[in-house]
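Please read the structure below before turning to the comments.
Each ligand, and each atom within it, is numbered from 1 in the order the structure gives. Small disclaimer: the values here were computed from a predicted structure and weren't measured. The first residue of the sequence shown is numbered 1, and numbering continues consecutively from there.
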Amino acid sequence: MWRVIAAVSMLLVGGFNAYFSQRNHRKQGKLCIAGAGPLAGAPHLIVRELEATDLRRGFLELLAELTTVGRIADLDFRKRLRQLRDLGLVKVVVIHDVNDDKVVGAGTLFVEPKFIHHCGSVGHIEDVVVSSSYRGQKLGSTLISTLMATAKSCGCYKVILDCHESNVPFYQKCAMEVKGTQMAAYFNN
Ligand SMILES: CC(C)(COP(=O)(O)OP(=O)(O)OC[C@H]1O[C@@H](n2cnc3c(N)ncnc32)[C@H](O)[C@@H]1OP(=O)(O)O)[C@@H](O)C(=O)NCCC(=O)NCCS
């Protein structure tokens, strides 16, 4: 009962970030991603949250392997990162190769608070990409398991994502299943 009252007060007073931080990372005493740290067997590959300095580590070039990124000035990148942090509902996970000082993998979790399912939350996985020269080394599945574990630790009752047909086998290997049909409307602005 007290845990529920504490959770609700934190949501009302400090927003989701405080709730997130307190509930999931009580032990560490700070907000972090479930399963962050060096990879077993490849300690030069570090799983962690996106940092402002990742701009010079090729974060945008990595995203460009997924889709159109456009020109993003340093200032705009920092501003967007600050917005995401303030929002407290989005976690961008990266894999940093410290030997090359490059970001070689990335994926995003958006936690959507809902009314349905007893005010439950749904995790949306977005923008998953592994640098082409690092593919086939289980970095993609590491990203997905990290995002899934983070969603679970945040109390999400499910995680969902949209993907191209050709990536279905990859996500199935990450313990996900095909469910429903994607709909989209694009705006030209
Ligand atoms: C999809 C992607 C993230 C996979 O990353 P990866 O690091 O190569 O994947 P992993 O090494 O973790 O693969 C895990 C398993 O899935 C399999 N797999 C990966 N991609 C696959 C695909 N497109 N089709 C079938 N199987 C695939 C691997 O062979 C491996 O199988 P195994 O466990 O039997 O060995 C990567 O190919 C990528 O960045 N692609 C371009 C961007 C993209 O399409 N992102 C997804 C957006 S929805």
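Every residue two or more places apart in sequence or in another chain that forms a salt bridge (charged side-chain N to carboxylate O under 4.0 Å, His left out) with R56 is listed here: D101.
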Just distance, no hydrogens or angles: give the donor-acceptor pairs under 3.5 Å from side chains in residues 165-176, sequence neighbours left out.
from, atom 1, to, atom 2, distance (Å)
S166, OG, H164, ND1, 2.8

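Side chains of I144 and V159 form no contact here, defined as non-hydrogen atoms less than 4.5 Å apart. In this structure, the side chains of D127 and F110 stay at 4.5 Å or more apart for every pair of heavy atoms.
Enumerated by chain and number, the residues approaching ligand 1 to less than 4.0 Å through a heavy atom are L66, V128, V129, V130, R135, G136, Q137, K138, L139, G140, S141, D162, C163, S166, N167, P169, F170, Y171, K173.
A salt bridge is defined here as a Lys NZ or Arg NE, NH1 or NH2 lying under 4.0 Å from an Asp or Glu carboxylate O, and K79 with D76 fails to meet this definition.
For the side chain to side chain donor-acceptor pair (under 3.5 Å) condition, the pairs that include at least one residue of residues 59-69, sequence neighbours left out, are E65-R135.
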